[in-house]
Amino acid sequence: DAGVIQSPRHEVTEMGQEVTLRCKPISGHNSLFWYRQTMMRGLELLIYFNNNVPIDDSGMPEDRFSAKMPNASFSTLKIQPSEPRDSAVYFCASSRLGEGVESPLHFGNGTRLTVT
Amino acid sequence: GDSVTQMEGPVTLSEEAFLTINCTYTATGYPSLFWYVQYPGEGLQLLLKATKADDKGSNKGFEATYRKETTSFHLEKGSVQVSDSAVYFCALTASGYSTLTFGKGTMLLVSP
């Protein structure tokens, strides 16, 4: 099992540019989560999907952030336009939920985003 | 709403010292409790869990007991190693992993 795969590992961009973060969940997992980690706020849940459908996006900070999950093996988190305060480590996590089965969250290694 | 409070770090120990990282929680109902560990440059990994009062979760020498009367889930290890240096997160869920609430994390630094 390759685990949750995120790309890129590091992203440096200028303010105003579009940023796209990518995630491949563990095969067989039906739920996918995007988190943001900063020193000030800790770990924040941005959005999560179940069976490719967004269930709760209340943590998405503003309209500049959008997330999609076109199929069970791929998700993107897009920031457009990016701002310096978006600098953080973004984690994707997946798990299997429902039908009487639950698995712990499995996290990717994160994407460190720096917006200058 | 649900919340988790952890002791602030960093916690600095010498190798073979005893470790305690405090965690208390506020939640409705009967939550499940977790400890996750984050090594440098990596994502979080589940370390241990407990799903009901008085349960003890354990893994890799770490232990934590679900104490409903004190709403606590303190992490302990009898003898830490340099390789235990990491950030430790306490977390809870009242209704499945989709609503996992994390504490802010406690950094542990172990010196030889």
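Every chain is numbered from 1, with letters handed out A, B, ... down the list of sequences. Treat the numbers as computed from the prediction; the structure is a model and nothing was measured.
Leu46(B) and Val37(B) end up in different hydrophobic clusters when Ile, Leu, Val, Met, Phe, Trp and Tyr side chains are linked at under 4.5 Å. Residues Leu92(B) and Ile21(B) share a hydrophobic cluster, clusters being chains of Ile/Leu/Val/Met/Phe/Trp/Tyr side chains in contact below 4.5 Å. Connection of Leu113(A) to Met60(A) is established within a shared hydrophobic cluster, with ILVMFWY side chains joined at heavy-atom distances below 4.5 Å, either directly or through further cluster members. Leu48(B) and Phe102(B) end up in different hydrophobic clusters when Ile, Leu, Val, Met, Phe, Trp and Tyr side chains are linked at under 4.5 Å. Val89(A) and Ile47(A) sit in two unconnected hydrophobic clusters of ILVMFWY residues. Membership requires side-chain heavy atoms under 4.5 Å apart, directly or through other members.
Between Gln37(A) and Phe89(B), the shortest heavy-atom contact is NE2-CZ, 3.3 Å.
Using a 4.5 Å cut-off between heavy atoms, Arg9(A) contacts chain B through its side chain alone, with no backbone atom that close. Heavy atoms closer than 4.5 Å to chain A are found in the side chain of Gln38(B), but not in its backbone.
In this structure, the side chains of Tyr35(A) and Leu100(B) come closer than 4.5 Å at one or more pairs of heavy atoms. With a 4.5 Å cut-off on side-chain heavy atoms, Tyr36(B) and Leu105(A) count as touching.
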